[in-house]
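Everything on this sheet refers to the single structure shown next.
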Amino acid sequence: MSKNTSRNCYSYKDFIALIAEKPKAAEKIALALGSYGKLEKCRYYKVPYYVIRSDGRTILILPSAGHLFGPSTTGRGVPIVKIVWKPLWEFDKAAYYTKTYYMMMSSILPNAGSYINACDFDIEGSVIGYKIIESFGDVKKAKRMKYSTLTKNDIIDAFNKLSPLDLENVNAGYARHELDWLWGINVSRLLMKSFKNETNKSISLSAGRVQSPTLAEAIRRWIEINLYLPKPFLSILILGEYDGKRFLITPKNWSPKTISEAKEIKKFLEKNPVLNVDDYQESKEKVPPPPAFNLGDLQKESSRIYGFSPFKTQSIAEELYLETLISYPRTNSQKLPKTINYKQIINDLSKQSYKNLIDTLLKETQGKLNPVQGREDDPAHPAIYPTGEVPKKIYGDYLKIYDLIVRRFLSAFSKEAILGKSYVTLSDNENRKYKAEGLVVMEEGWLKYYTFSYPKINEIPVLRKNDKVKIIKVDLKTIWPKINVSLSRTSLLRWMERVNIGTEATRARIIELLYKRKYLINKGRNTEITNLGYAVYKAIELVSKELISPELTRNFEEKLDLISKGKYTKDEIVNEAKEFLTKIIKEKLNDKSIGKSLAIALGIEKPEEMCYICKREAKHKVLNYSLCDFHFMALSKIKENIADLVNILEDNDVNILKELSENKSIGLWIRETSKFLINNDIKIQNLKV
DNA sequence: GCAAGGTC
Ligand SMILES: [Zn+2]
């Protein structure tokens, strides 16, 4: 293949124009179909395209760069229902780079004799290719090419089995764009307009099918975390010794009911400092290698191991992909199909710093390379894997992500790890039961390659029934169980994946958007909801409960499915949304409370009553104090639980409130409310809440 | 100015 633009690049007629979704795909398709004739690489300015000539025909393979067209606005009012599809570069600054692709299509396509939409086989790919052919070619002379992987065989098969253009998918794709646009633009504008009417000020506010449910989930988590009030339990920590080895022993499935009971047991154990072994068991646990990464797994692991945000990880992975160091990263697949040349890749990787690891892997597998396959799949791409190409220079965070991907890939070919577990049951002289657990790695298996999942080792001695374990030391501890809910970019990403909203390409981006809009904010290592975020959520809830729930996505999916099956037209579905939104937006424009609560949230207006504790808008009165929803809920929760706490900790109310106000395992609003009760000398039993 | 979805 010639690298330079030759005369041939300008002399073709009556050719087949094949549209690919992106430059990388165009290149792969060109290389696969190149066997049909003479292949030449040409350029339209910077954009590469490919020409294949054989006796009878000429094929041009032309890359798009994702969507070149999208719905755009025509006016500034709300409600707005007129949708005009326009080239993205004309109205979206960030998409200006698509102009070259657009110009290439507009200059080459009109001369083609026929067209093939060879974009990814999903509704977005159907729209991408269709809009291009419709704008610059002739959809009546167009066919659809369907391939499941970009490998030579699949591509050649697909090329020889072209289908008619998939108009149903195109219509479903149009509907997806237009529905998202209608809901997003209209509700966003309603929020901004309500705010403007109230304050005469302008700010950027937004709502959407994916961002708004994610904001709602963040708020649910934030409330749960800040109202967290666990039941404490008492534990006895025993340092045991056997055969010179010391290890930790704790009560087995029980705990002292009260502090005084715990103290008595401690005294008893110190007088009778020996435990009898009732039972000792060893077992092996086989842990298979984790599958190769999809984007979500990579984002979670790089957050766990390096503390990178999902967006940062994705940006780095996308650059590594453009440098051809890794395969396509925006994939949900955890599978490594056989069509990937594992052997070649592993061989190439051994030219990098992975040589020793790979020698070990080849020895261990005796050259039989069968990677573990994960459950998750993707319609268009395999899991993320290294290409084997040697990085020119790679360091810092780029190297960290690359290294994660290589090691995860290698470990997929390795053997299961074998963990040795031991469990001992012991009893004291009054027949109370205790336990200790041990964990060791017996065979490393895949952990040799993907070292980031090494378990925490805890060795205990090998014991037999009726062995005597000496008690060295006894400690009492009040344990306040830690909350198991988290609010962070990664936990929101996990949630979006679980409820299946957004896509690989958009989830991290949309999470960042919530911070950019100042709905969410970083406080140290934690994420918090701002007053604005909460007010926007409440306002959207007033407009549509569906829009703050993943149910809207399910609803869209059902409708798109009906369109692609030909049961409804795109216009029927879109018009229905237009009518509904017009009605609800007009109605809510009259609701002054939306603008008012946004103005209060931003401190532009003062609420009628302010929370004594946090100065938020207060809707509750306790004695003479005004409280917001959050601190009022905290107060009820403290009141509900205080009797139990008095019982377990055997202390008075004030001391317990003091503990609650200082203990960092307890939710912020519970701590603040406890402090409020102490400082104002309020007797909680007498309160009506 | 607003969405979500492609991709440089
Ligand atoms: Zn408050």
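Chain A is the first sequence line, chain B the second, and so forth, proteins listed ahead of strands; every chain is numbered from 1.
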What pairs with [X] under salt bridge (charged side-chain N to carboxylate O under 4.0 Å, His left out), at least two apart in sequence or on another chain?
| X | result |
| --- | --- |
| A:Arg189 | none |
| A:Lys583 | none |
| A:Glu90 | none |

Open item on the list: A:Gln314: which residues meet the side chain to side chain contact (heavy atoms under 4.5 Å, CB included) condition with it, sequence neighbours left out?
Closed with: A:Leu295, A:Gln299, A:Glu318, A:Arg330, A:Ala508
- [ ] Taking side chain to side chain contact (heavy atoms under 4.5 Å, CB included) as the test, write out the residues that go with A:Ser593, two or more places apart.
- [x] A:Leu542, A:Asp591
Open item on the list: How would you summarise protein contacts on nucleotides 1-6 of chain B per nucleotide, using B for base, S for sugar-phosphate only and - for none, with heavy-atom distances below 4.0 Å?
Closed with: BBBBBB
